[in-house]
Q: 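Quick one: the structure is below, questions incoming.
For ligands, and for the atoms within them, numbers begin at 1 and follow the listed sequence. In this text, all values refer to a predicted model and were calculated from it rather than measured experimentally.
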Amino acid sequence: MIQGVTVLGATGSIGLSTLDVLRRHKDRYRVVALSGRSRVDRLLEQCIEFQPEYVAVADDQAADEFAQKLRTHRLENIRVVNGVKGLETIASLAQVAYVMAAIVGAAGLRPTLAAARAGKTVLLANKEALVMSGRLFMDIVRRHNALLLPIDSEHNAIFQCMPAPNEQSAAWNKLGVSKILLTASGGPFRKMPLEELEFVTPAQAVAHPNWSMGRKISVDSATMMNKGLEVIEACWLFNCTPEQIEVVVHPQSIIHSMVEYVDGSVLAQLGNPDMRTPIAHALAWPERVASGVSRLDMIAVAKLEFERADMQRYPCLRLAIEAMQVGGIATTVLNAANEIAVQAFLEERIRFTDIPKVIEESLEHRPSTGADNLEAIFAVDEWARAHARRFIAGLKN
Ligand code: NDP
Ligand code: MG
């Protein structure tokens, strides 16, 4: 049977890789819905190629303009929806089995939860959703019998190295798992003298040595907040604590993560750094399909290196681990303050080294609210954004 797929964030880096995998397997998958926001020309090209039933754009005005464009291409049968409601609609359509959650940041939370509530197979790239609301998110997945498959390359690797996937929520001692080794490339500034970090530019920060990704996650990789978010993501996905995860800097990005067992075995998943591998893995799971990724040539790679993560160089990693240890809304605050700080850095309003300062300050002043419902989480998210913006306005450059 051909399975229906919705791609949330189709115009982004993960969206493009997803469509490239889907394009290779038209006998298995049908694109039912796509979403985009600012890159409407790209979205239009995707509509022309994949002829989905639905497309979701930013708002009313964007919807009118997009419908007009579709008419000029005789594609008026594609339904145009918009806003958060539109995204929730395309995430929960009856004819859709798989929802790729690849919107960046907190904006992805509501549509991803809508997919989980509709019991879909959720292919999770949007890590910020789990960081914002991990407990609630996982509860919704369980209650509605959704299947959550990780797209983030490290989590996809861990998933592949874990014992029987259906048992992953069991206690680790029953599974014989002793530790997760979460690998990190170290980003573009791994070797830069610490005193030069405050002068790095957005262009330098988004130039990742191994992966081609969207701008926000590229900055997160440079600060290693990305690894911090991934520690939190792994805790929720694999039912563990930050103490059970060791971050290992591995500059070649060939091993995507490892799982250590009590008998001393360490299982690793390897491959070229190309997101089409985890995307194809999750789409076809438990089967396997071709992804278009070139074969790993171990002789050409020649050398795999490993280093300890330097918390002085990467204060954001420490802040994320501490926030997860505190629990509750601390990770919601961490995520929101980070999104605001990264945006300000990309707009050259703050320095690279101000990013952890904005986050730490926001965490220190966080409210004492619980994280047990979505309204409370969004209220905390808003508070943290406002707080971070005020702090940034007061920073003297
Ligand atoms: P991009 O910035 O390339 O793409 C983001 C997508 O989200 C685009 O389609 C964009 O639309 C859309 N979008 C942005 N803001 C909004 C909004 N407010 N409402 C609706 N849609 C919005 O990001 P990536 O593809 O790199 O990353 C996507 C997610 O996947 C992130 O959460 C990231 O952490 C995660 N991820 C990415 C990896 C990668 O290799 N890229 C690896 C692992 C995880 P438009 O561009 O049209 O404005
Ligand atoms: Mg990753």
Q: Starting from atom 10 (C) of ligand 1, which protein heavy atom do you reach first, and at what distance in Å?
A: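 Answer for atom 10 (C) of ligand 1: Thr11 OG1, 3.9 Å.
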
Q: How far is atom 34 (O) of ligand 1 from its nearest protein heavy atom, and which residue and atom name does that atom have?
A: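 Its nearest protein heavy-atom neighbour is Lys127 CE, 3.4 Å.
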
Q: Going by an N to O cut-off under 4.0 Å, is there a salt bridge joining Glu45 and Arg39?
A: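 No, this pair does not count.
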
Q: Salt bridge or not between Glu53 and Arg30? Use side-chain N to carboxylate O under 4.0 Å.
A: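 Looking at Glu53 and Arg30, the cut-off is met.
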
Q: Would you mind finding which of Ala10, Ser218, Gly86, Ala125 brings a heavy atom closest to atom 44 (C) of ligand 1?
A: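 Among Ala10, Ser218, Gly86, Ala125, the closest heavy atom to atom 44 (C) of ligand 1 comes from Ala125.
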
Q: Could you identify the single nearest non-hydrogen protein atom to atom 43 (C) of ligand 1 and state the distance to 0.1 Å?
A: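 It is Asp152 OD1, 3.2 Å.
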
Q: Where the closest heavy atom to atom 37 (C) of ligand 1 is concerned, which of Asn126, Thr18, Ile14, Leu8 has it?
A: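 Considering heavy atoms of Asn126, Thr18, Ile14, Leu8, the nearest to atom 37 (C) of ligand 1 sits in Ile14.
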
Q: Is it true that Glu243 and Lys179 have a side-chain N and a carboxylate O under 4.0 angstrom from each other?
A: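 No, this pair does not count.
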
Q: Just to be sure I'm reading this right: ignoring hydrogens, which of Gly9, Ala102, Pro273, Ser13 gets closest to atom 3 (O) of ligand 1? Compare them by their nearest heavy atoms.
A: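 Selected option, by shortest heavy-atom distance: Ser13.
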
Q: I'd like the atom name of the N/O/S atom in Asp152 lying closest to the Mg ion (ligand 2).
A: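 Looking only at N, O and S atoms of Asp152, the one nearest the Mg ion (ligand 2) is named OD1.
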
Q: Quick one: which of Met213, Met100, Arg39 has a heavy atom closest to atom 1 (P) of ligand 1?
A: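 Looking at heavy atoms only, the winner is Arg39.
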
Q: Is there a donor-acceptor contact under 3.5 Å from the side chain of His208 to the main chain of Asn210?
A: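 Checked: pair present.
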
Q: What do you get for the angle at the Mg ion (ligand 2) between OE2 on Glu230 and OE1 on Glu154, to the nearest 10 degrees?
A: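 Seen from the Mg ion (ligand 2), OE2 and OE1 are separated by roughly 100°.
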
Q: Check the orientation of His387 and Trp383. Use parallel for under 30°, tilted for 30 to 60°, and perpendicular for over 60°.
A: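 Geometry flag for Trp383 against His387: parallel rings.
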
Q: Any donor-acceptor pair under 3.5 Å linking the side chain of His250 with the backbone of Ile255?
A: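 Yes, because the side chain of His250 sits within donor-acceptor range (under 3.5 Å) of the backbone of Ile255.
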
Q: Considering only protein heavy atoms, which is closest to atom 15 (N) of ligand 1, and at what distance to one decimal place?
A: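 For atom 15 (N) of ligand 1, the nearest protein heavy atom is Arg37 CD, 3.8 Å.
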
Q: Would you please determine whether Gly15 falls within less than 4.0 Å of ligand 1 on a heavy-atom basis?
A: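 Outside the 4.0 Å threshold, so no.
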
Q: When you check the side-chain N and O atoms of Asp64 and Gln68, is any donor under 3.5 Å from an acceptor?
A: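 No, Gln68 and Asp64 have no side-chain donor paired with an acceptor closer than 3.5 Å.
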
Q: Might you confirm whether atom CZ of Arg190 has over 12 heavy atoms from other residues, nucleotides or ligands at distances under 6.0 Å?
A: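 Enclosed.
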
Q: Could you check whether atom CD of Glu198 has more than 12 heavy atoms from other residues, nucleotides or ligands sitting under 6.0 Å from it?
A: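 Counting other residues, nucleotides and ligands, CD of Glu198 exceeds 12 neighbours.
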
Q: Does any N or O of ligand 1 fall below 3.5 Å from an N or O anywhere on Glu128, backbone included?
A: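 For ligand 1, there is an N or O atom that lies under 3.5 Å from one belonging to Glu128.
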
Q: Does Lys216 come within less than 4.0 Å of ligand 1, judged by its heavy atoms?
A: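 No.
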
